[in-house]
Amino acid sequence: MKFLKSKKSASDGKVFRSGLYSAAITAAVIAAVVLLNLLVRAIPSKYTEFDLSEAGLYTLGDSSKQVARELSQDVTIYYLCETGNEDQIISKLLDKYAAESSHITWELKDPAVYPTFAAQYGAQEASSGSVILVSGDQNVVLDASELYDYDYSDYYTTGTYSVTFAGENEITSAIYRLTSGEQKHAYYTTNHGEQTLTDTLTDALEDQNLSLTALDLLSSGIPEDCDLLIINDPAQDLASAGSLVDEMSLLRSYLGSGGKVLLLTDSYYNTPNLDALMAEFGLTRTEGLVVEGDANHSMNGYPYYLLPDYTSPTETTALDGVDTSRHVLLQMAQGITLTETDNIVSEALLTTSNSAYSKTAGYEMVTADKEDGDLDGPFALAAYARNETTEAEVIWVNCGNMDNEAAYQVVPGNCTFLQGCAASLAGQVSTVLIDSKALEAAPISVSGSVSAVLGLTFIVILPAALLAVGAVVVVLRRRK
């Protein structure tokens, strides 16, 4: 019996080679995909991830980027949170900080895994979601509650409240405080009926690494460690020679040794001693109250609610880091006249438009319209001056209610401006102020007329048009 030997056909070899080739191509593609994935993961997230949130929740602002890029010492951020329950807003934001500077790193610390970790930084009571920032032997603890702002102002009327994310401002401010060097000391006078500094401005100045302390000139002199003296809208003048305490001599002595003063005043109050001191810096009051003739430089049709322009100062860093696209609001302000004075360098920081005029009647004005005797603008509303001999510096804002919580809700530029002025005078070089970010998109408001047009378009016109087109198509097809 013969057995037939089967021969491998040529087609079998081709199939084998084809299969081997396909397998090799598949392996190569898989390897390429894996390699590409590794390469993409190695690229900083700021180049591979895009922030589509309306408020930019996952994007660092310019101030944060500047602070990060200027770092010269390492900062480690610890995020205290249970693994798997991270707040994506915070973790993504920390990624952005780390991508912006090689000096910033962050780690997740699960309290269940590291129960005693926070205690070494005095944060044993910190809640889950808190953040600890460490640089050298210094640290700042940000409790989870500080990373979000809760507004309950409408709760009793609407039963709802709003939440905004304040984490970027808190983290950037903490980084700045840790790395900006020795803390500066600011004092604010209290015994002349001064307007109390608002919480918003106080927080902003503390974020700028300025400590704030109340100062009663009647009971003590100006401390030697005073880097900045703030006089905020005094209702009474500082006492001069012949009084129980010669406050003006104290102030002149402080400036004579290179002191720095931030002064806010209101023309409603009479302060001749302070006025005389400002005159020594070449700054004097312009008679009356300023009114804007340009509607684009006033608010809501009130010509004495001024929206001045920023200048471009060259002698001071007061506006460095300040977002000059933000309006500032000065209500019932008085102009400042700059006069050339020996050994004094001065320049305006805020100015009106050329259409402004000053009502010489001041608070006694009966009309905001320009009358005979009123002074033509433009006017400086805030000015800087420096004595080149003593190196004393002053910034004078001739509006008493610029530091105003209600104004900050509408024009946050007021706080940024004052913060920039204070930081510059105290010797700081950066302005750190970042708005809280809304977690939800603002609702779109549509007027009744627009709503009617849109309804007619989408409910009647478009459906009718589609039906008409469909009918034409059907008729044409039947004719073929």
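Salt-bridge annotation for Arg252 and Glu280: present, with a side-chain N of the basic residue lying under 4.0 Å from a carboxylate O of the acidic one.
The nearest pair of heavy atoms linking Phe417 to Ala382 is CZ-CB, 3.9 Å. Heavy-atom minimum distance, Phe281 versus Ser346: O-CB, 4.5 Å. Contact record, Ile231 with Leu274: CD1-CD2, 4.4 Å, taken as the closest heavy-atom pair. Annotation for Ser211 and His185: closest pair OG-ND1, 2.9 Å, computed over non-hydrogen atoms. Of all heavy-atom pairs spanning Ser127 and Ser130, the tightest one is O-OG, 2.6 Å. Between Gln195 and Gly400, the shortest heavy-atom distance links the atoms OE1-O, 3.4 Å.
Judged by distance alone, the side chain of Tyr97 and the main-chain N or O of Ile171 form no donor-acceptor pair under 3.5 Å. At least one donor-acceptor pair under 3.5 Å links the side chain of Ser135 to the backbone N or O of Asp74. Between the side chain of Ser358 and the backbone N or O of Glu287 there is at least one donor-acceptor pair closer than 3.5 Å. Side-chain atoms of Thr311 come within 3.5 Å of backbone N or O of Ala348 as a donor-acceptor pair. Between the side chain of Gln331 and the backbone N or O of Met402, no donor-acceptor pair lies under 3.5 Å. The backbone N or O of Asn404 sits nowhere less than 3.5 Å from a side-chain atom of Asn401 that would complete a donor-acceptor pair. Although no hydrogens or angles enter the test, the distance criterion places no donor-acceptor pair under 3.5 Å between the side chain of Ser173 and the main chain of Glu170. The main-chain N or O of His103 is found under 3.5 Å from a side-chain atom of Ser101 such that the two form a donor-acceptor pair. Using modelled atom types, one side-chain atom of Asp246 and one backbone atom of Ser249 make a donor-acceptor pair closer than 3.5 Å.
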Chi angles and distances behind the side-chain contact (heavy atoms from CB on, under 4.5 Å) call for Leu262, Leu229 = CA-CA 6 Å; Leu262 175 59; Leu229 182 66; over 6 Å; no
Going through the distances and angles, do Asp403 and Leu197 end up as a side-chain contact (heavy atoms from CB on, under 4.5 Å)?
-> CA-CA 7 Å; Asp403 176 28; Leu197 297 180; 3.9 Å; yes
Verify side chain to side chain donor-acceptor pair (under 3.5 Å) between Tyr79 and Asp87, making sure each step is shown before the conclusion.
-> CA-CA 10 Å; Tyr79 182 26; Asp87 184 329; 5.1 Å; no
side-chain contact (heavy atoms from CB on, under 4.5 Å) between Asn169 and Asp207, worked out = CA-CA 9 Å; Asn169 181 50; Asp207 287 344; 3.7 Å; yes
Report the C-alpha distance between Glu182 and Lys184 in whole Å, list the side-chain angles of each, state the deciding distance to 0.1 Å, and finish with yes or no for salt bridge (Lys or Arg N to Asp or Glu O under 4.0 Å).
-> CA-CA 6 Å; Glu182 184 179 357; Lys184 301 291 185 176; over 6 Å; no
Run the numbers on Ser91 and Glu86 for side chain to side chain donor-acceptor pair (under 3.5 Å), then give the verdict.
-> CA-CA 7 Å; Ser91 60; Glu86 302 94 327; over 6 Å; no
Candidate pair Thr317 and Ser424, rule side chain to side chain donor-acceptor pair (under 3.5 Å), full reasoning | CA-CA 6 Å; Thr317 59; Ser424 173; 2.9 Å; yes
Using the side chain to side chain donor-acceptor pair (under 3.5 Å) rule, take Trp396 and Thr265 through it: C-alpha gap first, then chi angles, then the decisive distance, then the call.
-> CA-CA 8 Å; Trp396 185 11; Thr265 58; 2.8 Å; yes
Stepwise, does the side-chain contact (heavy atoms from CB on, under 4.5 Å) test hold for Leu330 with Leu350?
-> CA-CA 10 Å; Leu330 281 74; Leu350 298 174; 4.1 Å; yes
Full working for salt bridge (Lys or Arg N to Asp or Glu O under 4.0 Å) between Lys260 and Glu393 | CA-CA 5 Å; Lys260 321 295 180 184; Glu393 295 177 281; 3.0 Å; yes
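Taking 4.5 Å as the limit, every side-chain heavy atom of Asn398 sits out of range of all side-chain heavy atoms of Phe379. Residues Leu60 and Glu168 have side chains in contact (heavy-atom distance under 4.5 Å, counting atoms from C-beta outward). Side-chain atoms of Thr316 and Arg386, non-hydrogen and from C-beta on, never get closer than 4.5 Å to each other. Counting heavy atoms from C-beta on, the side chains of Tyr305 and Asn300 never come closer than 4.5 Å. When side chains are defined from C-beta on, Ile230 counts as touching Leu212, because their heavy atoms get closer than 4.5 Å. Proximity of Tyr363 to Asp266: side-chain heavy atoms (C-beta onward) are separated by under 4.5 Å at one or more points. Residues Glu247 and Leu218 meet the side-chain proximity criterion, which asks for heavy atoms closer than 4.5 Å. Looking at Asn414 and Leu329, their side chains come closer than 4.5 Å, going by heavy atoms from C-beta outward.
Sorted by first and then second residue, the salt bridge (charged side-chain N to carboxylate O under 4.0 Å, His left out) pairs involving residues 268-277 (not counting sequence neighbours) are Asp275-Arg285.
If you check the side chains of Thr83 and Asp110, you find a donor sitting under 3.5 Å from an acceptor. Side chain to side chain, His192 and Asp237 fail the donor-acceptor criterion of an N or O pair below 3.5 Å. Tyr78 and Asn139 share no donor-acceptor pair across their side chains, judged by distance under 3.5 Å alone. No side-chain N or O of Thr179 forms a donor-acceptor pair with one of Gln73 less than 3.5 Å apart. Using modelled atom types, one finds a donor on one side chain and an acceptor on the other under 3.5 Å when comparing Glu70 with Gln66. In the model, Thr200 has a side-chain atom that pairs as donor or acceptor with a side-chain atom of Glu405 under 3.5 Å.
Once rounded to the nearest 0.5 Å, the distance linking CG of Asp294 with OG of Ser355 reads 5.0 Å. The CZ atom of Phe117 sits 13.0 Å away from atom CD of Gln124, with the distance rounded to the nearest 0.5 Å. In this structure, CG in Leu263 is found 11.0 Å from CD1 in Ile395, a value given to the nearest 0.5 Å. Rounding to the nearest 0.5 Å gives a distance of 9.0 Å between CG of Leu238 and OG1 of Thr271. Rounding to the nearest 0.5 Å places CD of Glu347 at 9.5 Å from OG of Ser312. Distance check, rounded to the nearest 0.5 Å: CZ of Arg326 to OH of Tyr310 gives 8.0 Å.
Residues forming a side chain to side chain contact (heavy atoms under 4.5 Å, CB included) with Thr190 (at least two apart in sequence, or on another chain): Tyr188, Ala214, Asp216.
With a 6.0 Å radius and a threshold of 12 heavy atoms from other residues, nucleotides or ligands, Glu388 has its CD atom above the threshold. For CG of Asp342, the number of neighbouring non-hydrogen atoms (other residues, nucleotides, ligands) closer than 6.0 Å is 12 at most.
Of the options Val394, Thr390, Asn387, Leu250, a side chain to side chain contact (heavy atoms under 4.5 Å, CB included) to Leu255 is made by Val394 and by none of the others.
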